[in-house]
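Chain A is the first sequence line, chain B the second, and so forth, proteins listed ahead of strands; every chain is numbered from 1.
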Amino acid sequence: MTETLVHTTSRGRTRTPLPEGEIGERRILRRATFAERFDLLGAAAAALATSSLLFGWLAPLTGVVGWVVVSYLLFIGFYVLLTSFLGDRQAIADRVATVLLVSAGTLLFGALVFVVLFALLRGREAFWHLNFFTQSMEFAGPLDPLTEGGIIHAIVGTLIQISIALAITIPLGIATAVFLNEVGGRFARFVRTIVDAMTALPSIVAGLFVYAAVIQLITHQRSGFAAALAITVMMLPIVVRASDVVLRLVPGNLREASYALGAGRWRTVWGVVLPTARSGLVTAVILGTARGIGETSPVLLTSGVTAVLTFNPFQGPMISLPLQVFDFVRSPEPTMIARGFGTAAVLLILVLALFVLARVIGGRPPGQLSAGQQRRSHAASLRDAMRISRREAPLAPAPASAPKENP
Amino acid sequence: MTIDVRGTVRPADTQQDDGVPERRTLRPRASLADAVFRRTAFAAGGITVAIMLAVGLFLALRSADALRVAGPGFLTEQQWSPETGRFGVGAVLFGTVSIGVVALVTAFPLALGTALLLSEVVRGRLRGILVSLVDLMAAVPSIVFGLWGVFFLQDNVIPVARWISTYFDWIPIFRVSDDSGATLTDDSAFTSSAFIAGIVVGLMIVPTMTSVMREAFSQAPVGEREGALALGATRWGMIRTVVLPFGRGGAIGGTMLGLGRALGETIAVYMIISPVFSINWEVLKSGSNSVSALIALRYGEASDFALSALMAAGLVLFLLTLVINFTASSIVARSRSGAQSEG
């Protein structure tokens, strides 16, 4: 056995080939080569020139959109031509596919960022008036300038409605997710199926349900509370599902370690599972909140439209930010449209802030600690070690002193 | 459990009294805390299910009135006047689906390309930033997309729509004509169409689709990727032979999830389209409708019976998105992209 082993290692030693014969230039592995860059730039320049020529002089083509499309198609064509000088069919396909992927990504990110910036930029007109955040629309008509009136009523309405919705959603949603993961059984599978089904519920149908079941049958008036209920019906499945995914990622051996140390189910959930998944759970809730704040359609049917600041969710209509945007831009007056964009900007900033918060808190898988958490848990275990050694200290000399005390 | 453990472990029965414990029972006895926890968790699950089932049952019960009057023609009738008894979701359902299809045609290439870009091409910090950006975009409120659609896209997409309808009018769905069949070319014929609403909804669902697809693609096993590369495949060759076949389930599932969201979208569609109650095959032509826009439009002045009719429309929409979502999640679950971490 040892003989053969020695034999193979002595024979199978790796040798570097002798630097003789045909060895090409050393290849660049990291960056694009000059030829590749030239292909890209050259194709782009040729495409721009050709399409400008086509649109200006040679062909009866007009329009900016058409110019962009024709330039792009020409660019792909020229790029294929240029790469075909150096590579084979595989290389051409690879280059062209990469260009297509990059252009899809650029187009998508460009469009999405443009959508957001469009609302923010057109909202700046109303946004920089302080009264926009301190007044309601109670005494401001459609013809009043932007220095009159504001959206404090919609901000307060949104905050109250989302608080009520969260007060129901967080405990119920997380408890349900814990039930799905930690208790299990046939009923849990049934619950999971129903929750999955309910994520498909269109939000307008959630609003219609609350309108018909709560407003028409019980309260007979639209209110902030009804809107909060509609948001809850919409948000609950989202939060349950997201928390379920997070809890499922908690490593099984952590649970088993806890059981092996003698902890019961409840101690395991409270002391191991939930702390491990905490950042993920917070992220799930915050992202659900962002969805709930931004959704217009459930609120459209249930909250009612008002221009008055109100703090009572149970009595009378209470408007929220997205509905206020919708209500503003229905008016043909430019000032109202400017207010609509301003409100949309406020809503967007709120959602962005929530998202950033979610990223700061969560964003790392369960069990992985941030630097601060690591320091804290290190300090805690150090304290434990000190405590244990201090407790053992009087016991340690005990065997030596024991015979003296009891002769 | 008839094995006599005591006999094998202890040498003699006489040691019974010197502190060796009785044989333990292995049946777990839940502590009080555990029992309370179990009950509470059970109750939470029960309440959640009760809320969900209440929505479903209430919809079904309240819509029963209208469905009984309308009969099976509910799915094909195009008019919507519950007062006269002639109502159905034929037109609105067609509008919903046509907007959804336009949205998918817009969104699918963008989502597929971006998902591959993020999982295969971009590396390092940039990838992390872009992935977060996609997730962020999924949280942008739909009213913001609606504003963009109404105040920007509406005016700027008309030349494109006109160009398509001029050069492709031999395809029936791209034709724009009036009742007599004459071709229309003025701007007002192209505004508020299913095409514009579809583009806006498409942009709205792209982030969701992208993030599901990227998740599926990035789980393609490293060994197989490296195998393809080691055999001399280019990056695109590796994507084509390893990543795409592996992530196919995730890609289809993500697309269908996006479609489900597109069908249920209300406010952006409601802001853009001008509602008509007839089947409009010409997607570029002004006038379309969707189930959710119908509900938003008509709930206010609805009588009891009309509300029941709206409920029936909502129920049909819900069943449609339900089927799509379940198909999607079963496709995602059955594909190989479902490997979970345990331990």
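Neither the backbone nor the side chain of Leu287(A) has a heavy atom closer than 4.5 Å to any heavy atom of chain B. When heavy atoms are compared at a cutoff of 4.5 Å, Arg192(A) does not approach chain B at all. Looking at Arg235(B), both its backbone and its side chain come within 4.5 Å of chain A, counting heavy atoms on both sides. Proximity to chain A involves both the backbone and the side chain of Ser132(B), based on heavy atoms less than 4.5 angstrom apart. Proximity to chain B is absent for every atom of Leu120(A), based on heavy atoms less than 4.5 angstrom apart. For Thr199(A), the parts sitting under 4.5 Å from any heavy atom of chain B are the backbone and the side chain alike. When heavy atoms are compared at a cutoff of 4.5 Å, Ile51(B) approaches chain A solely by way of its side chain, counted from C-beta outward. Neither the backbone nor the side chain of Ile174(A) comes within less than 4.5 Å of any heavy atom in chain B. Residue contact with chain A, scored on non-hydrogen atoms closer than 4.5 Å, involves the side chain of Val206(B) exclusively. Both the backbone and the side chain of Leu130(B) come within contact range of chain A, judged by heavy atoms closer than 4.5 Å. Heavy-atom distances place both the backbone and the side chain of Val191(A) under 4.5 Å from chain B. Both the backbone and the side chain of Gln90(A) come within contact range of chain B, judged by heavy atoms closer than 4.5 Å. The parts of Val113(A) that come within reach of chain B are both its backbone and its side chain, each placing non-hydrogen atoms under 4.5 angstrom from that chain. If you measure heavy-atom distances from Val121(B) to chain A, the contacts under 4.5 Å come from the side chain alone. For Ser292(B), the parts lying under 4.5 angstrom from a heavy atom of chain A are both the backbone and the side chain. Both the backbone and the side chain of Arg265(A) come within less than 4.5 Å of a heavy atom in chain B. For Phe58(B), the part sitting under 4.5 Å from any heavy atom of chain A is the side chain, from C-beta outward, and nothing else. For Val205(A), the part lying near chain B is the side chain, with the backbone staying farther off; criterion is any non-hydrogen pair under 4.5 Å. Interface remark: Phe151(B) contributes backbone and side-chain atoms alike to the contact with chain A (heavy atom separation under 4.5 Å).
Within the model, atoms CD1 of Ile92(A) and CH2 of Trp236(B) stand 15.0 Å from one another, a figure rounded to the nearest 0.5 Å.
Side chain of Thr234(B) to main chain of Ala91(A): no donor-acceptor pair is present (N/O by atom type, distance under 3.5 Å, no hydrogens or angles).
When the candidates Leu59(B), Thr114(B), Asp135(B), Leu136(B) are compared by the number of heavy-atom contacts under 4.5 Å with chain A, Leu136(B) comes out ahead. Among Glu265(B), Met311(B), Glu120(B), the residue making the largest number of heavy-atom pairs under 4.5 Å with chain A is Met311(B). Comparing Leu307(B), Leu116(B), Leu133(B), Val49(B) by heavy-atom pairs within less than 4.5 Å of chain A, the highest count is held by Leu307(B). With chain B as partner, the option from Ser203(A), Gly185(A), Ala212(A), Gly173(A) having the largest number of non-hydrogen pairs under 4.5 angstrom is Ala212(A). Per-residue counts of heavy-atom pairs under 4.5 Å with chain B were compared for Val233(A), Val178(A), Val195(A), Thr98(A); the largest is that of Thr98(A). For the set Ala345(A), Pro237(A), Ala119(A), the count of heavy-atom pairs under 4.5 angstrom toward chain B peaks at Pro237(A). Per-residue heavy-atom pair counts under 4.5 Å with chain B were compared for Gly105(A), Ala344(A), Ala200(A), Ala97(A), and the maximum is reached by Ala200(A). Annotation: maximal heavy-atom pairing with chain B below 4.5 Å, among Gly340(A), Ala213(A), Ser103(A), Pro322(A), occurs at Ala213(A). In terms of heavy-atom pairs under 4.5 angstrom with chain B, the leader among Arg222(A), Arg330(A), Arg95(A), Glu182(A) is Arg222(A).
Here the side chains of Met271(B) and Val329(A) are in contact, with some heavy-atom distance below 4.5 Å. Looking at heavy atoms from C-beta onward, Thr296(A) lies out of side-chain contact with Thr266(B) at the 4.5 angstrom threshold. Taking 4.5 Å as the limit, some side-chain heavy atom of Val183(A) sits within range of a side-chain heavy atom of Phe37(B). Residues Met204(B) and Val115(A) are not in side-chain contact: their nearest non-hydrogen atoms beyond the backbone lie 4.5 Å or more apart. Contact check for Leu301(A) versus Ile295(B): side-chain heavy atoms found under the 4.5 Å cut-off. Residues Leu348(A) and Val140(B) have side chains in contact (heavy-atom distance under 4.5 Å, counting atoms from C-beta outward). Within the 4.5 Å cutoff, the side chain of Leu110(B) has no heavy atoms near those of the Phe109(A) side chain. Thr193(A) is listed as a side-chain neighbour of Phe326(B), based on a closest heavy-atom distance under 4.5 Å.
Nearest heavy-atom pair, Gly264(B) versus Pro202(A), reported as atom, atom and distance to 0.1 Å: CA-CB, 4.0 Å.
Arg123(B) CZ: more than 12 foreign heavy atoms inside a 6.0 Å radius.
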*Test side chain to side chain contact (heavy atoms under 4.5 Å, CB included) on Met52(B) and Leu236(A) and set out the steps.*
CA-CA 9 Å; Met52(B) 306 293 161; Leu236(A) 189 57; 3.8 Å; yes
*Val36(B)/Trp266(A) under side chain to side chain contact (heavy atoms under 4.5 Å, CB included): CA gap, chis, key distance, verdict*: CA-CA 9 Å; Val36(B) 171; Trp266(A) 164 242; over 6 Å; no
*Could you go step by step and tell me if Asp196(A) and Asn325(B) meet the side chain to side chain contact (heavy atoms under 4.5 Å, CB included) rule?*
CA-CA 8 Å; Asp196(A) 276 358; Asn325(B) 266 30; over 6 Å; no
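Below 30°, between 30° and 60°, or above 60°: for Phe187(A) and Phe42(B) the angle between ring planes is below 30°, a parallel geometry.
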